Amino acid sequence: DGIATQWSEDHDVESLFLAMMAPMAGSRPCVLRPLSPHLREMFSRALEIADEISALMAREIAINVRVLAMIDLDNWQSMEEGAYREIGQSISSHMVPSCCFFSYHSLSSLDRLVEAIYHEALHKKLSNILVGTQLLDDAFADPIRPRFLSYWNTDTNWNSNLWEFDRALY
């Protein structure tokens, strides 16, 4: 009668992040970090503030985001807390559905975290629309897609600012 496979959301999110996003999220490979009680409370308070600002804002977050996670460089345990890191502030990708990832930069203040959560939730909403409706045809999956200069991003060795044009949508 077969082999039962246990599904683990935490494991699956981590596996997808490591495979699809970790190499490009910072100057070194990145990992998911466990949340301290303080950071869990900070995420909770940020969601409450979003609801206080606008019930519609909170609704967009709730509909489009299932997982909020902290990321850091893979050598974070050898670094001082709060030390500068070359890492994305907040990131998401259509390759890891319904998940948003936040570094210490976004977690440095409640105001930054509220904005970052809403910002990434809107990326997830657009991603859900584009992927769910197959709005972009298969030509945009080609590795030789047209590119443009995203001048608002600094070009680094781990994050080029020469983007495929659909990347701006995600």
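Small disclaimer: the values here were computed from a predicted structure and weren't measured.
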What are the two closest heavy atoms between Ala121 and Asn64, and how far apart are they?
O-CB, 3.8 Å
What donor-acceptor contacts under 3.5 angstrom involve side-chain atoms of residues 17-24, with partners at least two apart or in another chain?
none

Go through the steps to decide whether Phe102 and Ile117 satisfy the test side chain to side chain contact (heavy atoms under 4.5 Å, CB included), and finish with yes or no.
CA-CA 8 Å; Phe102 305 89; Ile117 291 172; 3.8 Å; yes
Give me each pair satisfying salt bridge (charged side-chain N to carboxylate O under 4.0 Å, His left out) with a member in residues 19-35, each pair once, sequence neighbours excluded.
Arg28-Asp74, Arg33-Asp72, Arg33-Glu81
Can you measure from OG (Ser106) to CG (Asp111) and round to the nearest 0.5 angstrom?
12.0 Å
Other residues, nucleotides and ligands only: do more than 12 of their heavy atoms fall within 6.0 Å of CZ on Arg40?
no
Output every pair passing ring-ring contact (aromatic ring centres under 6.0 Å, His included) with a member in residues 70-93, not counting sequence neighbours, ordered by first then second residue.
none
One should read off an interatomic distance between His11 NE2 and Leu16 CG, to the nearest 0.5 angstrom, of 9.5 Å
Here the pair of heavy atoms bringing Leu73 nearest to Gly26 is CD2-CA, 4.3 Å
Rounded to the nearest 0.5 Å, what's the gap from SG on Cys100 to CD on Glu120? Could you check?
5.5 Å
For Leu110 and Ala46, the nearest pair of non-hydrogen atoms, with its separation, is CD1-N, 3.9 Å
What distance separates Ile61 CD1 from Lys124 NZ, expressed to the nearest 0.5 Å?
14.0 Å
Co-membership, hydrophobic cluster, residues Met57 and Ile63, 4.5 Å side-chain:
no
In terms of side-chain geometry, is the basic nitrogen of Arg112 or Glu115 positioned less than 4.0 Å from the acidic oxygen of its partner?
no
Before you tell me yes or no, could you show the steps for Tyr118 and Val114 under side chain to side chain contact (heavy atoms under 4.5 Å, CB included), namely the whole-Å CA-CA distance, both residues' side-chain angles and the distance that decides it to 0.1 Å?
CA-CA 6 Å; Tyr118 187 50; Val114 172; 5.7 Å; no
Approximate separation, where rounding is to 0.5 Å, of Ile71 CD1 and Gln89 CD
10.5 Å
How far does CZ of Arg85 sit from CD of Glu80, to the nearest 0.5 angstrom?
9.5 Å
Phe101 vs Val13, side chain to side chain contact (heavy atoms under 4.5 Å, CB included): CA-CA, chis, key distance, verdict
CA-CA 11 Å; Phe101 304 95; Val13 167; 4.3 Å; yes
